[in-house]
Amino acid sequence: YAWFGFFRTNTNFARSNDLDMELEALNEEKQILIERLGVHIEKKDNIPPLAARILSTLILTGKNGCTFDELVNNLQASKSTVSTHLTNLQHLKKITYYTVCGDRKKYFIMNPKSMILSMGEMLDTWEKEKHLHIAIMNYKEKINHIEPENADQHFDLEFHLDYLNYLEQASDSIKRIRERLLEKHKQ
């Protein structure tokens, strides 16, 4: 951590020492969260472990972003591997970067529209699931109708009805959140 070039007096030392300890504890917590979130993203998005750790690092770093060298150092990975994953993540529109005038570095950040894109993909997947469940349920209803005398052998359609209800409620909720994010990014 940086000392920011200020002079510490004896009266400030205890307060500064407490701040240093708090920052160190927060950094440890961040490292644990990077790992936990990285494992989650790796499994959810089916991406390589380092790419997932890059994403989790950028999520927990926020708008300030991270430079290439910071990612290499913090994730203890080779420059070529980090570079490859940064290129792929940019191609997937998960991340982007900005530059500062007079500074030759790129500051990598999460693509602000990444969550919106992800929600759109989620809604598309749910819509396909919905149509599939409706088709399966219709088929099972036809089978049940053909053999009305074997009621104990009929398909139970309650699961499909409950699942369709769940998909409808979840989709409505995600649509509302997505709309709010879209409005926020227009500003």
Side-chain angles (χ1 to χ4, degrees), residues 26 29-66 71 75 77 81-82 84-98 107-187:
L26 283 171
E29 183 178 354
K30 181 179 179 180
Q31 295 310 312
I32 292 168
L33 284 171
I34 286 170
E35 184 62 26
R36 286 180 62 198
L37 181 57
V39 169
H40 172 75
I41 291 170
E42 176 186 344
K43 291 178 182 176
K44 181 179 87 49
D45 293 345
N46 196 29
I47 61 174
L50 184 60
R53 296 331 178 270
I54 290 171
L55 288 175
S56 61
T57 299
L58 296 179
I59 287 169
L60 293 169
T61 300
K63 295 178 183 178
N64 290 334
C66 288
L71 289 169
L75 298 172
T81 305
V82 171
T84 298
H85 288 301
L86 286 173
T87 300
N88 289 339
L89 291 169
Q90 287 176 82
H91 179 72
L92 293 171
K93 297 183 178 165
K94 299 270 188 195
I95 66 170
T96 188
Y97 68 87
Y98 69 91
Y107 293 86
F108 293 94
I109 57 172
M110 291 299 298
N111 180 347
K113 295 183 181 175
S114 177
M115 184 64 75
I116 295 167
L117 295 171
S118 179
M119 286 178 178
E121 292 168 2
M122 185 185 312
L123 289 168
D124 290 344
T125 299
W126 287 350
E127 190 64 25
K128 290 174 186 171
E129 277 187 47
K130 180 175 138 185
H131 290 292
L132 184 59
H133 273 275
I134 289 171
I136 292 169
M137 190 173 73
N138 288 339
Y139 168 79
K140 288 179 176 181
E141 282 178 333
K142 290 175 188 173
I143 295 295
N144 288 351
H145 184 69
I146 289 175
E147 300 179 8
E149 65 279 352
N150 295 332
D152 58 328
Q153 299 294 321
H154 283 183
F155 286 106
D156 181 6
L157 304 177
E158 189 175 336
F159 166 76
H160 295 289
L161 293 171
D162 288 343
Y163 194 72
L164 289 169
N165 185 39
Y166 159 76
L167 286 176
E168 195 64 38
Q169 290 178 20
S171 294
D172 289 345
S173 180
I174 290 295
K175 286 174 187 174
R176 283 191 302 274
I177 294 168
R178 188 170 182 256
E179 287 302 316
R180 284 196 300 257
L181 286 173
L182 284 167
E183 285 299 317
K184 186 176 182 179
H185 286 287
K186 285 180 184 177
Q187 297 172 355

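All values below come from the heavy atoms of this structure, side chains included, with hydrogens, waters and symmetry mates left out. One-based numbering along the sequence shown.
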- Task: Go through the side-chain N and O atoms of E127 and H131 and say whether any donor and acceptor fall under 3.5 Å apart.
- Result: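 Their side chains do contain a donor-acceptor pair, which is all the 3.5 Å distance test asks for.
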- Can you find a side-chain donor-acceptor pair between T57 and K30 that sits under 3.5 Å?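 No, no side-chain donor-acceptor pair sits under 3.5 Å.
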- Task: For the pair F155 and I143, evaluate side chain to side chain contact (heavy atoms under 4.5 Å, CB included) and give the outcome as yes or no after the intermediate values.
- Result: CA-CA 8 Å; F155 286 106; I143 295 295; 3.7 Å; yes
- Message: If you apply the rule side chain to side chain contact (heavy atoms under 4.5 Å, CB included), what do you find for L157 with N144, and how did you get there?
- Response: CA-CA 10 Å; L157 304 177; N144 288 351; 4.2 Å; yes
- Decide if atom CD of E29 counts as having more than 12 heavy atoms of other residues, nucleotides or ligands within a radius under 6.0 Å.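 No, CD of E29 has 12 or fewer neighbouring heavy atoms, counting only those of other groups under 6.0 Å.
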- Message: A quick test of your reading: do over 12 heavy atoms of other residues, nucleotides or ligands sit less than 6.0 Å from CE of M122?
- Response: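 Count over threshold, so yes.
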- Query: Are the charged groups of K94 and D45 less than 4.0 angstrom apart, N to O?
  - Reply: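 Result for this pair is yes, salt bridge flagged.
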Just how far is it from atom [atom1] of [X] to atom [atom2] of [Y], taken to the nearest 0.5 Å?
X: E179; Y: K184; atom1: CD; atom2: NZ; answer: 15.0 Å
X: R53; Y: I47; atom1: CZ; atom2: CD1; answer: 9.0 Å
X: N165; Y: D162; atom1: CG; atom2: CG; answer: 7.0 Å
X: H85; Y: L89; atom1: NE2; atom2: CG; answer: 8.0 Å
X: D124; Y: E129; atom1: CG; atom2: CD; answer: 12.0 Å
X: L164; Y: F159; atom1: CG; atom2: CZ; answer: 9.0 Å

- Message: Ring-plane angle category for Y166 and Y163, please: parallel below 30°, perpendicular beyond 60°, tilted otherwise.
- Response: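 Ring orientation, 0 to 90° scale: tilted.
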- Ignoring hydrogens and angles, tell me if any N or O in the side chain of S171 forms a donor-acceptor pair with the backbone of L167 under 3.5 Å.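 Indeed, once roles are kept as given, a pair shorter than 3.5 Å links the two residues.
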- Checking R178 side chain against I116 main chain: does a donor-acceptor pair fall under 3.5 Å?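 Confirmed, R178 side chain pairs with I116 backbone.
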- If you take all heavy atoms of P112 and H185, which pair is closest and at what distance?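 Looking at all heavy atoms of both residues, the closest pair is O-NE2, 3.1 Å.
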- Closest contact, heavy atoms only, S114 versus K93: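 Reported closest heavy-atom pair: CB-O, 4.0 Å.
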- Item | Sub-6.0 Å ring centroid separation between Y107 and Y98 |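 Yes.
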- Task: Taking side chain to side chain contact (heavy atoms under 4.5 Å, CB included) as the test, write out the residues that go with L86, two or more places apart.
- Result: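 Applying side chain to side chain contact (heavy atoms under 4.5 Å, CB included) to L86 gives I54, F68, L71, V82, Q90, I95, F108.
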- Message: Checking side chain to side chain donor-acceptor pair (under 3.5 Å) between K140 and each of H154, H145, H160, which is the one that passes?
- Response: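 So, applying the side chain to side chain donor-acceptor pair (under 3.5 Å) to K140 and each of H154, H145, H160, only H160 qualifies.
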- Item | Verdict with reasoning, I109 to K63, per side chain to side chain contact (heavy atoms under 4.5 Å, CB included) | CA-CA 6 Å; I109 57 172; K63 295 178 183 178; 5.7 Å; no
- Starting from the C-alpha separation in whole Å, work towards a yes-or-no answer on side chain to side chain contact (heavy atoms under 4.5 Å, CB included) for E35 and Q31. CA-CA 6 Å; E35 184 62 26; Q31 295 310 312; over 6 Å; no
- For residues S56 and L33, determine if any side-chain heavy atom of one lies less than 4.5 Å from a side-chain heavy atom of the other.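 Side-chain contact under 4.5 Å: no.
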